[in-house]
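To start, the structure under review is shown below, and the notes come after it.
These numbers were taken from a predicted model, which means no experiment stands behind them.
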Amino acid sequence: MNISRRQTLTGAAWSVPVVIASAAVPAYAASGIFAVNFDGGGGANGWQNSVYLNFGTSNGSTQTLTKPVTLTINVIGLNTNTTTQRSFIIGSSNGTLGTRTYTAATRTTTFTWTIPAGTSIPPLATGGNALPDILFSFGDGLAGVNRITNKIVVTAVSGASLSQTLPVDSSVLKDKNKRAISPDGIY
């Protein structure tokens, strides 16, 4: 039996192992891999109160950021009878909080939170053990005969995408801690 060069080359081509190349997809590029939640309502609406804004993965795995992630956050006063904002303090377990700006016409304080590249982001959790997070500590909202209440809204995210649709509004999403005094996402 005679074997031609063509048959030999065809057989050789089919016996060569196939190498499949793939590129790792960076964590920040994965669509909808991150999420936020609100964990607060420890006090009655309009009274001294605190709430955490937690950031984590929505897929149950830990991811390391390969570039910074910045969230734009609004704290909105819900009492339409005043343009005065209730005092509050913010602190972050990880990252940088930008300068706050206040717009009296909309009763809105806006700031950014930047989580640096290299930060390990665990699955989304609640409370003081959910890192990274921001702790909002609201002062007493007494304003004449009414109380100033607030909601928190994440309006934009850069460097990553959320599994939730923006804006993420605390009064819509509600608090994760349903046993809190006021778990309605209003503080």
> After noting the C-alpha distance and the side-chain angles of V69 and T119, does the key distance pass the side chain to side chain contact (heavy atoms under 4.5 Å, CB included) rule?
Replying inline: CA-CA 10 Å; V69 173; T119 302; over 6 Å; no
>> Please check: side-chain N/O of R86 versus main-chain N/O of W47, any donor-acceptor pairing under 3.5 Å?
In response: yes
> Do you know the tightest heavy-atom contact between V36 and Q164?
Replying inline: O-NE2, 2.7 Å
> Has the side chain of T72 got a donor or acceptor atom that lies under 3.5 Å from a matching backbone atom of T155?
Replying inline: no
>> Checking I134 against I73 for the side chain to side chain contact (heavy atoms under 4.5 Å, CB included) test, could you report, in this order, the C-alpha distance in whole Å, the side-chain angles of both residues, the deciding distance, and whether it holds?
In response: CA-CA 11 Å; I134 297 175; I73 301 161; 3.6 Å; yes
> Under 4.5 Å between side-chain heavy atoms, hopping through other hydrophobics if needed: is there a path connecting Y187 to L71?
Replying inline: yes
>> Using a 3.5 Å distance criterion without hydrogens, assess whether the side chain of W113 forms a donor-acceptor pair with backbone atoms of N94.
In response: yes
>> Contact between L131 and Y52 at the side-chain level, heavy atoms closer than 4.5 Å - yes or no?
In response: no
> Within the distance-only criterion (no hydrogens, no angle test), does the side chain of R107 pair as donor or acceptor with the backbone N or O of L78 below 3.5 angstrom?
Replying inline: no
>> Test of understanding: with side chain to side chain donor-acceptor pair (under 3.5 Å), list the residues that count as partners of T110, not counting sequence neighbours.
In response: N74
>> With side chain to side chain contact (heavy atoms under 4.5 Å, CB included) as the criterion, how do N54 and L124 come out once you've worked through the C-alpha distance, each side chain's angles and the decisive distance to 0.1 Å?
In response: CA-CA 7 Å; N54 303 305; L124 189 61; 4.1 Å; yes
> How far apart are the closest heavy atoms of T149 and G46, and which atoms are they?
Replying inline: CG2-N, 3.6 Å
> Would I115 and V154 show up in the same hydrophobic cluster when neighbours are defined by side-chain heavy atoms closer than 4.5 Å?
Replying inline: yes
>> Using 30° and 60° as the class boundaries, would you call the ring planes of F136 and F88 parallel, tilted or perpendicular?
In response: tilted
> At their closest point, which heavy atom of F38 faces which heavy atom of L53, and how far apart are they?
Replying inline: CE2-CD1, 3.5 Å
> Do you know which two heavy atoms are closest between P167 and V153, and how far apart they sit?
Replying inline: CB-CG1, 3.5 Å
> So, S137 versus S50: side-chain donor-acceptor pair below 3.5 Å or not?
Replying inline: no
>> Donor-acceptor check, side chain of D175 to backbone of G185, threshold 3.5 angstrom: yes or no?
In response: yes
> Cut-off 3.5 Å, side chains only: do N45 and D184 have a donor facing an acceptor?
Replying inline: yes
> When you look at F111 and V75, which way does the side chain to side chain contact (heavy atoms under 4.5 Å, CB included) test go after all the steps?
Replying inline: CA-CA 9 Å; F111 67 96; V75 177; 4.2 Å; yes
>> Please find the pair of heavy atoms, one from K174 and one from P183, that lie closest to each other, and give the distance.
In response: CB-O, 3.7 Å
